[in-house]
Amino acid sequence: MSGFQPTEVGGTPTASVLLVMLPTLDRRDETSPHLISPGSLAALQRRLGPAVQILQIDEATYPAVVRSFAPAQLPTCVLMHQGVELWRQPGLPDADQVGALLRTNGHG
């Protein structure tokens with residue numbers, strides 16, 4: 001299983017990407033307020049539509065990618081557009097928040 005997992009196939013070449021960096025299984029805390037489930041990611045992808053492609057990046061599979069973003073904690077979400085970081089936050093963002101960020105930055 002790949003550590004990069006789009007929640008749905010699709011998106012456009014100019015779509016923004018929401019990177020969802022997840023900790024290794026041994027570092028996941030089930031009581032964490034920032035726990036991200038596959039169902040919550042799928043629901044967020046449905047709400048965002050094709051404007052944003054969500055990619056899960058597992059720290060165990062791609063530690064160098066996660067380290068390159070130097071997140072303060074995991075899970076962390078980073079919104080990217082054409083290689084430029086627009087925004088980041090711990091945990092899963094609200095779809096309306098992501099949409100507003102894209103509109104503010106002229107990408108939505």
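The structure displayed is predicted, hence computed values, not measured ones.
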With sequence neighbours left out, which residue pairs that include part of residues 65-76 fulfil the salt bridge (Lys or Arg N to Asp or Glu O under 4.0 Å) condition?
none

Check whether any side-chain heavy atom of Gln89 sits under 4.5 Å from a side-chain heavy atom of Thr76, and report yes or no.
no

Residue pair Pro75 / Pro90, side-chain heavy-atom distance below 4.5 Å:
no

Quick check for you: to the nearest 0.5 Å, what is the distance between Cys77 atom SG and Leu44 atom CG?
8.0 Å

Separation between OG1 (Thr61) and CG (Leu22), nearest 0.5 Å, reads 10.0 Å

Between Val98 and the options Ile54, Leu86, Val52, the side-chain contact (heavy atoms from CB on, under 4.5 Å) test singles out Val52

Taking the side chain as everything from C-beta on, heavy atoms only, tell me whether Trp87 gets closer than 4.5 Å to Met80.
no

Is Val78 close to Leu18 at the side-chain level, that is, under 4.5 Å between some pair of heavy atoms?
no

Could you note down all residue pairs passing side chain to side chain donor-acceptor pair (under 3.5 Å) where residues 92-102 supplies at least one of them, sequence neighbours left out?
Arg47-Asp96

Mark yes or no for whether Gln53, through its side chain, and Ser16, through its backbone, hold a donor-acceptor pair below 3.5 Å.
no

For Val66, give me all partners under side-chain contact (heavy atoms from CB on, under 4.5 Å), at least two apart in sequence or on another chain.
Met21, Ile57, Glu59, Pro71, Leu74

Among residues two or more places apart or on two chains, list those pairs meeting salt bridge (Lys or Arg N to Asp or Glu O under 4.0 Å) that have a residue in residues 70-89.
Glu85-Arg88

